[in-house]
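Here's the structure we're looking at; comments come further down.
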There are 2 protein chains.
Amino acid sequence: MKIIKALSLLKEKGLSNTGSRKRILEALMFSSGPLSAHEIYQRLLKEGVNCNESTVYRNLQKFLEKDLVQSFTLNDGVSRFEFKKSSDDHHHHIVCLKCKMMKCLDLCKVEDYFEEMIKKLGFVSVSHNLEFYGVCKSCTNSGLK
Amino acid sequence: MKIIKALSLLKEKGLSNTGSRKRILEALMFSSGPLSAHEIYQRLLKEGVNCNESTVYRNLQKFLEKDLVQSFTLNDGVSRFEFKKSSDDHHHHIVCLKCKMMKCLDLCKVEDYFEEMIKKLGFVSVSHNLEFYGVCKSCTNSGLK
DNA sequence: GCTTTTTTGCAAATAATTTGCATATTTTTC
DNA sequence: GAAAAATATGCAAATTATTTGCAAAAAAGC
Ligand SMILES: [Mn+2]
Ligand SMILES: [Mn+2]
Ligand SMILES: [Zn+2]
Ligand SMILES: [Zn+2]
């Protein structure tokens, strides 16, 4: 198992190497789950990295263009970003409506089931966004909020 | 086939009958597809109905609570609302990335496929949000934008 | 009709994201 | 390695969707 470093990824994608950019990418690479722009910004702050929030947004855009990350928007209106371990890494999440905890769901055959329907409508280059919402085990038990 | 009127729906749900409220609900009932708060507001304006945009938002909230409408958020960050023809009306949409045209997709067995996975994680009261994005037939042909 | 409850309009607040522009940093060129 | 060219950053302001406080208006209950 090869460990890919942020720096070589940036080079590979033709992105210039700046301190902020590398730190933003690393935050995503080492995160255990999706992060919002603001969450990334706050992590950098905590680490003492001087980085503007606009810079976070601009870099996330770049990462999306270069297919380094995937993004999705939850029903709270906030976009989350997640490092793509491989170019065909495609999966979804389930979010706890109470504590906001999020779990990744492996595998996704969603398009297979809608494929025919969509084909009939004549759409091409189809992608999708799917999120599940529910109440997680610990919130169910604790009777939180 | 019974025609249900906005007014009787409001009464049924215990919502007071105001001009704006009735018009907002009707806009949704008679629309051929999902509408954003702003789109509803603009339709009312065009019809010469005096109604504030905050009022639209507040009524949409009420309709959601009373299960008269369903809502979902597209990746443009805007929520759309759609009248529920029945309480178990559950379906999704595909949106053209170029012209924003939207089609309803009937049937949804998404939860069946993720059910086991989600059950294992211990989540309950699970719902989901699913949108497809693609390029529609006429945009593919016209080579728009 | 009078009282109570709910809704509305309006203006201001909130919050996520984007943008213009001057400055700073990185990359490329020589 | 220094200068020129390309790119990225910080900062403040703009944008946009949505929410909120509050006083006035309308609807519901009696
Ligand atoms: Mn994930
Ligand atoms: Mn629909
Ligand atoms: Zn999927
Ligand atoms: Zn579904």
Side-chain angles (χ1 to χ4, degrees), chain A residues 6-27 34-45 47-66 68-69 71-81 100 129 131, chain B residues 6-27 34-45 47-66 68-69 71-81 100 129 131:
Chain A
L7 249 173
S8 53
L9 268 178
L10 292 180
K11 190 156 286 176
E12 191 178 304
K13 298 287 182 176
L15 292 174
S16 57
N17 165 29
T18 74
S20 305
R21 176 168 288 163
K22 182 165 151 281
R23 287 320 202 59
I24 294 167
L25 185 56
E26 284 173 344
L35 295 173
S36 67
H38 189 68
E39 284 166 342
I40 294 171
Y41 170 68
Q42 290 185 311
R43 291 199 180 194
L44 298 199
L45 268 193
E47 295 175 19
V49 179
N50 179 270
C51 175
N52 193 274
E53 204 155 356
S54 297
T55 301
V56 175
Y57 278 102
R58 282 191 272 229
N59 275 294
L60 289 171
Q61 279 278 122
K62 276 270 152 75
F63 295 165
L64 276 176
E65 283 164 23
K66 300 294 183 180
L68 284 169
V69 301
S71 78
F72 58 95
T73 305
L74 290 191
N75 65 3
D76 61 1
V78 181
S79 294
R80 323 278 158 150
F81 301 81
K100 308 300 170 200
N129 214 255
E131 302 101 43
Chain B
L7 248 174
S8 54
L9 268 180
L10 292 180
K11 190 156 287 175
E12 193 179 303
K13 297 288 183 176
L15 292 174
S16 57
N17 166 28
T18 74
S20 304
R21 177 168 289 165
K22 183 166 150 280
R23 288 320 204 57
I24 294 167
L25 185 55
E26 283 172 346
L35 296 172
S36 67
H38 189 67
E39 284 166 343
I40 294 171
Y41 171 68
Q42 290 186 310
R43 292 200 179 195
L44 298 198
L45 269 192
E47 295 175 19
V49 179
N50 179 271
C51 174
N52 192 274
E53 204 156 356
S54 296
T55 302
V56 175
Y57 277 102
R58 282 191 273 228
N59 276 292
L60 289 172
Q61 279 277 121
K62 276 270 154 75
F63 296 164
L64 276 177
E65 284 165 22
K66 301 294 182 177
L68 283 168
V69 301
S71 78
F72 57 95
T73 305
L74 289 192
N75 66 2
D76 60 2
V78 181
S79 294
R80 322 278 158 151
F81 300 82
K100 308 300 167 199
N129 214 256
E131 303 102 42

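Everything numeric here is computed off the predicted structure, so don't read it as measured data. Chain identifiers are assigned alphabetically (A, B, ...) following the order of the sequence lines, protein sequences preceding nucleic acid strands; residue numbering begins at 1 within each chain.
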When you compare the side chain of [Y] with that of [X], does any pair of heavy atoms fall below 4.5 Å?
X       : Y       : value
A:Arg58 : A:Gln61 : no
A:Leu35 : A:Arg43 : yes
A:Leu68 : A:Leu15 : yes
B:Leu60 : B:Ile40 : yes

Whole Å only: how far is the [atom1] atom of [X] from the [atom2] atom of [N]?
X       : N      : atom1 : atom2 : answer
A:Leu60 : C:dA16 : CG    : P     : 14 Å
A:Glu65 : D:dA8  : CD    : P     : 10 Å
B:Leu10 : D:dA26 : CG    : P     : 19 Å
B:Asp76 : C:dT18 : CG    : P     : 12 Å
B:Leu15 : D:dA27 : CG    : C1'   : 13 Å
B:Tyr41 : C:dC10 : OH    : P     : 9 Å
A:Leu74 : C:dA15 : CG    : P     : 18 Å
B:Asn52 : D:dA24 : CG    : P     : 17 Å

Phosphate oxygens OP1/OP2 of [N]: is one of them under 4.0 Å from a side-chain N or O of [X]?
X       : N      : result
B:Asn50 : C:dG9  : yes
A:Tyr57 : C:dT17 : yes
B:Lys62 : C:dT7  : yes
B:Asn59 : C:dT8  : yes
B:Ser54 : C:dC10 : no

### Query
With sugar-phosphate meaning primed atoms plus P, OP1 and OP2, does B:Arg58 contact a base, only sugar-phosphate, or nothing at under 4.0 Å between heavy atoms?
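Result for B:Arg58 = base.
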### Message
Classify A:Ser36 by what it touches in the nucleic acid, base, sugar-phosphate, or nothing, heavy-atom distance under 4.0 Å.
### Response
nothing
### Task
For A:His38 and for A:Asn17, find the nucleotide of DNA chain C with the closest heavy atom, then tell me which residue's nucleotide is more 5'.
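Comparing both residues, the 5'-ward one is A:His38.
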### Task
Would you check if the side chain of B:Arg21 reaches a backbone N or O of B:Ser16 as a donor-acceptor pair within less than 3.5 Å?
yes
### Task
Between B:Gly77 and B:Ser16, name the one whose nearest nucleotide on DNA chain D is closer to the 5' end.
B:Gly77
### Query
For DNA chain D, whose closest nucleotide is more 5', that of A:Glu53 or that of B:Thr18?
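Closest to the 5' end, via its nearest nucleotide, is A:Glu53.
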